[in-house]
Amino acid sequence: MTVESTAARTPRRSAGSKAGTTGTKRTTRTTAKKDAGAKGTEPQLVQLLTPEGERVKNAEFDKYVAGVTPEELRGLYRDMVLTRRFDAEATSLQRQGELGLWASLLGQEAAQIGSGRALRDDDYVFPTYREHGVAWCRGVDPTNLLGMFRGVNNGGWDPGGNNFHLYTIVIGSQTLHATGYAMGVAKDGADSAVIAYFGDGASSQGDVAESFTFSAVYNAPVVFFCQNNQWAISEPTEKQSRVPIYQRAQGFGFPGVRVDGNDVLGCLAVTRWALERARSGEGPTLVEAFTYRMGAHTTSDDPTRYRGDEERQAWEAKDPILRLRRYLEASHHADEGFFAELETESEALGRRVREAVRAMPDPDHFAIFENVYADGHALVDEERAQFAAYQASFADEGGN
Amino acid sequence: MTVESTAARTPRRSAGSKAGTTGTKRTTRTTAKKDAGAKGTEPQLVQLLTPEGERVKNAEFDKYVAGVTPEELRGLYRDMVLTRRFDAEATSLQRQGELGLWASLLGQEAAQIGSGRALRDDDYVFPTYREHGVAWCRGVDPTNLLGMFRGVNNGGWDPGGNNFHLYTIVIGSQTLHATGYAMGVAKDGADSAVIAYFGDGASSQGDVAESFTFSAVYNAPVVFFCQNNQWAISEPTEKQSRVPIYQRAQGFGFPGVRVDGNDVLGCLAVTRWALERARSGEGPTLVEAFTYRMGAHTTSDDPTRYRGDEERQAWEAKDPILRLRRYLEASHHADEGFFAELETESEALGRRVREAVRAMPDPDHFAIFENVYADGHALVDEERAQFAAYQASFADEGGN
Amino acid sequence: MAEKMALAKAINESLRRALESDPKVLIMGEDVGKLGGVFRVTDGLQKDFGESRVIDTPLAESGIVGTAVGLALRGYRPVVEIQFDGFVFPAYDQIVTQLAKMHARSLGKVKMPVVVRIPYGGGIGAVEHHSESPESLFAHVAGLKVVSPSNASDAYWMMQQAIQSDDPVIFFEPKRRYWDKDEVNTEAIPGPLHKARVVREGTDLTLAAYGPMVKLCQEAADAAAEEGKSLEVLDLRSVSPLDFDSVQASVEKTRRLVVVHEAPVFFGSGAEIAARITERCFYHLEAPVLRVGGYHAPYPPARLEEEYLPNLDRVLDAVDRSLAY
Amino acid sequence: MAEKMALAKAINESLRRALESDPKVLIMGEDVGKLGGVFRVTDGLQKDFGESRVIDTPLAESGIVGTAVGLALRGYRPVVEIQFDGFVFPAYDQIVTQLAKMHARSLGKVKMPVVVRIPYGGGIGAVEHHSESPESLFAHVAGLKVVSPSNASDAYWMMQQAIQSDDPVIFFEPKRRYWDKDEVNTEAIPGPLHKARVVREGTDLTLAAYGPMVKLCQEAADAAAEEGKSLEVLDLRSVSPLDFDSVQASVEKTRRLVVVHEAPVFFGSGAEIAARITERCFYHLEAPVLRVGGYHAPYPPARLEEEYLPNLDRVLDAVDRSLAY
Ligand SMILES: Cc1ncc(C[n+]2csc(CCOP(=O)(O)OP(=O)(O)O)c2C)c(N)n1
Ligand SMILES: Cc1ncc(C[n+]2csc(CCOP(=O)(O)OP(=O)(O)O)c2C)c(N)n1
Ligand SMILES: [Mg+2]
Ligand SMILES: [Mg+2]
């Protein structure tokens, strides 16, 4: 999450050049398979739906989506469309000054809806600050997500209400919370699972490595879901790792798999598999959803400073929503009426969010002193009282 | 480094039982080879010299020790014997109250001498607090190592003098210093290498993972040398990882190898290989030296509380010094005269260290205020002056 | 039942009682299991409560605190041990940005009943990082409570209360007093966790301290008494919140205050106490609040720690300086 | 040459000059390369000095500072950027246990010329962790120097001096002043890095501040002047060491002191200043040293920050309270 300078911006650069990649020589001793490179086509990439909307067979993962009905497919499509609509609305609300900042998920809808819809109600989610699609799947009211971006709170929903934890801004820290929570699930003898979202950039944080260690050692029922959207603000994935991120897991003793993050079916299948592992006592799994941040890092960011348009164009062809639409149309699982109705619903959602945000009241000034402690603290009481007296002194001054 | 309670100790337990190992199911997705278990015989273990002192062939690593002369072999033996002697002297100096604490390397001589003798003068070493054998190889006077354990300083040698950094107590942090130093070496266009020592316990620290990431991304010429001595104080390696530690590297994109840490030739060969990789621009390497901490964690520790004697006995049969002696004898590379002379030298070393420690003066009281800053600090000056006045006030009181 | 026990043992008994009475209480840390911790504070607990309640963790402090946060979210009440003061810093981010702020961030929806036990302070002749007093670095952070007992009875009861608290408590254990014995009544009903206690009444000057320095202040009061000076000794017990009311009450009587702590004076708790008490008692103070503490230097090697740490002479010197105003 | 430039630009120019004049100077941090940092403070530097001098790092603050320590050992002079105040904590262990103590640990053999740049403070309407003022947490730690410029000229010169210093310097940049312009004379020879500066002379009361609050204090002095009160304004510039001599000199004249900072008051720098100045000026002070700062609460969401931060009214209120003694 980044608030940036409003200082002068440099002109758009057309070249999509990356910060120099380190010349990595292949070595003989690693048993890890080396992939073609972080941005090419991936041999290990699990993909059930091609960018053209064709359903491809996958011996290992097909069974996890075998029972998906046309209605469920339409549901996934609807989730993605509404999430994107909500996201676009939030971006424009930021432009209008209603929000201080927005972190768009544009392009990552399949990764979030696919994984989010794989979850059971009793599973628990630890998001970053960009999981608006997952929040949607959990039933968190979209408006609630906007509180922190508007600056009225630092998290506006009850984490326990939908088993969806608050957004976490300090990169990577939530992976440890997820691991601890999962250790608790195991202690309780429950068969729920926990899922921790994080980004490609986050994979470099010590906390993420420690969460891998703890979850492996305690065999905790947690799925690490890394959305590799190719960028950590201005830094390409090569600045975080010289091998694909999913491979990180094996050195900690649990499996990692890379899935096409723009393929909602693939994400659903792979996440179900990973969750099933968690439930059945097989411990942690790392899923790397290979996707793309189609927008800026946040509304404060200017991606033209560090990446070219070609890259975005190439990824646009792999758009997650487009490919499911193609599949729905080709397979006649959805008709014009469905799409038209969704369009209307989508607009209604936008309107509702817009109105709700505009109506969102500023917090009471005394909220500063609320919830600092659960059991109270003498100094907070004292400062609250001083603040009240100070506020009252203005009231006293009357017309001044 | 741990100072422990002098409170009553519980009676010795004879059972060598470990804290429960998590039942880890094998998974299909990892490409990592799974080893038989952390404590068994390792298929991947590089070993050139068996516990019985037999030289076994190794297609990959023999070439790194092909030129080792009988004289050099005797040198390695001498290094190990003298290091052990020094270590024993330090332990007994602690018992006598001359040192506050000692962290013995007993059992880890081969790992340290093998790796230490692989280094060039211009290479740079980042030790933990237990690398007395490596310090010996670097030419650091053993007495200097004792300063911090006696409590007269926090590091008594010039790191740049022998390219041997100060002992680092905060677990894992030196791996990042090593990585940064190695980044500097690369920037300078030098072909020196850097070696960072750490333990099996340290492998869990976020800093170590971050050093793997940084070194891989910048392709830094650093060798990570993990002495897996099976224990982190009272915790067996299974509390840190459910797969062998050398496998950690592959997920970061560089090779890891496990060597018999009680085989000085194996350690020499594998370290030479790893250093050569560093020098030739192939970046980092992880070496896991599989060894055993034969003594207590430190002189404050009581291992009878958490491990049995059988384990130690099993490892005694693999003693690093014994096996090289067997080889030297069988191959007639050393005669009785050599061993007798070494015995004398050894005793002389013990005596010299003992005398030097006893003669080691307490630091001047004003040392508290020295070297807090390189460029001075007004508050330190003020406090030093107050301290001086305060000390002087006692002198004034004369006979009081 | 009243029983004489060492401070370390009192904490051990208190942890045992918590484990017995609440199945959600967990003990976590490095070497807390079979070894019973390097100071034996958790001795025997894993044996009696099992590995699922008393957990040997990987060697990673951020991981320890971060997973404790997650366990708290799941309804557990983890008591985590940091092996030594100097090793809390890898966990500092999780403590400051997560543990301390989670309750506020959630607008009160979630609670963080986590106790972070830290054996702290010097005087035991240890190597680097094993003798520090970092309490200021936690007291400045809103959302944390910071306490430190000075004797076995307080250690027992304050631990009970810390575990029962729904807020995160940084529990600083004065390691050099671990073996000091005191009467512990495990049935007495204690006063509030964050209230200071008058250890000794006096009229000429107030000595305020907490944790390991309370005993030193008592000794100083004894010595001063021999010279006819009547010192009041306050055991603050809690650094956040700080019981300013009790300090104020004492200073209004004695009109002089000396604060003693092992932590460096610069930005130490003495500064906060001096600033606030001077504001509250401006017309009462006959002398500026004086501070006795560590110097602005890294904790020195063991053979210098006696010069570094507050001792009887330095406390009495400050008392004399205050009385000379 | 004197030129009017924004504070962020002044730092940029200062870094450029350092990169030009000393090949050992490096810039490291997240997004400092092509992007030029999220505040554009490093704008254009990678383009002109290359990726080996201006280094985009992995997203890991402990790694950034830890490798900077290693680079310093190799003879480099790294200037590392922490993207925002709230993200320094993952690096806190490396800063406190390694960077701060390496020089002393080595008995002076090695030096740690590392600058840690931290854009800090609030007032920019940001989300959580982007508006904090953690300077106390560094000032308490011996071995670190802590400074914060209040204007472009100081930013330029203090950065030059910080980079030249052989000690680690935590360089707090007042992010809400990044776009404020001031005259910067790049040829003037500056005074010492750690010396306070009288920004405005006055006789009735001293306002002491640093970084973002200096401007506020100047405004307060303006407003007070209209009411006939003459306030002296001190820009402390350095938090460690703190130039107590200058504060003392001012207070001996004005006899009243109000300290203003954004950081929470509890255990903040105002506490240390109040304690020490009260000790030094006990017979001069007509009123207790008063403090205006943040509350003991997490930095609030943006729509509450105006209530949380010191503002003109709160400063003037403290001035009135002090003058009322
Ligand atoms: C500890 C920490 N350091 C720095 C930041 C500033 N920051 C916010 S987002 C971000 C990049 C994150 O990249 P990634 O993990 O790939 O997630 P993405 O934003 O691409 O979803 C950074 C550096 C932060 N929030 N926390
Ligand atoms: C950050 C940190 N946490 C805890 C400790 C206390 N401690 C000292 S040594 C040690 C165990 C280290 O085990 P390992 O890395 O295997 O090295 P070994 O002692 O076996 O050589 C611990 C926990 C420490 N020194 N630093
Ligand atoms: Mg990303
Ligand atoms: Mg070990």
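So you know, we letter chains A, B, ... as the sequences are listed, proteins then strands, and number each from 1. These numbers come from a predicted model, not from an experiment. What's counted below: heavy atoms across the whole structure, side chains too, no hydrogens, waters or symmetry copies.
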Let me know if [X] has heavy atoms under 4.5 Å from chain C in its side chain, its backbone, both or neither.
X        : answer
A:Val185 : both
A:Ser211 : neither
A:Tyr124 : neither
A:Ala190 : side chain
A:Ala378 : both

Drop me the distance from [X]'s [atom1] to [Y]'s [atom2], to the nearest 0.5 angstrom.
X        : Y        : atom1 : atom2 : value
A:Ile171 : C:Asp93  : CD1   : CG    : 11.0 Å
C:Thr67  : A:Met183 : OG1   : CE    : 4.5 Å
A:Leu176 : C:Ile64  : CG    : CD1   : 10.5 Å
C:Met102 : A:Thr168 : CE    : OG1   : 6.0 Å
A:Glu382 : C:Asp245 : CD    : CG    : 7.5 Å
A:Asp188 : C:Lys24  : CG    : NZ    : 4.5 Å

Highest number of heavy-atom pairs under 4.5 Å with chain A: which of [options]?
options                              : result
C:Leu26, C:Leu71, C:Asp167           : C:Asp167
C:Gly108, C:Ala72, C:Ser62, C:Ser165 : C:Ser62
C:Ala142, C:Gly75, C:Gly66           : C:Gly66
C:Leu107, C:Ile55, C:Thr97           : C:Leu107
C:Ala68, C:Ser106, C:Ser240          : C:Ser240
C:Pro90, C:Gly70, C:Ser238           : C:Gly70

Where is the tightest heavy-atom contact between [X] and [Y], given as atom of each residue plus distance?
X        : Y        : answer
C:Asp166 : A:Asp375 : N-OD2, 2.9 Å
C:Lys111 : A:Ala374 : CE-CB, 4.1 Å
A:Asn154 : C:Arg105 : O-CG, 3.3 Å
A:Tyr373 : C:Leu144 : OH-O, 2.7 Å
A:His177 : C:Val69  : CD2-CG1, 3.6 Å
A:Tyr218 : C:Pro58  : OH-CD, 3.4 Å

Requested in this report: Tell me, yes or no, whether the heavy-atom count around A:Asp364 atom CG, taken from other residues, nucleotides or ligands under 6.0 Å, exceeds 12.
Outcome: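 Counting neighbours around CG of A:Asp364, more than 12 heavy atoms of other residues, nucleotides or ligands fall under 6.0 Å, so yes.
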Taking the side chain as every heavy atom from C-beta outward, state whether [X] and [Y] have any atom pair closer than 4.5 Å.
X        : Y        : answer
A:Leu379 : C:Arg276 : yes
C:Arg53  : A:Lys187 : no
C:Lys109 : A:Pro159 : yes
C:Gln94  : A:Asp207 : yes

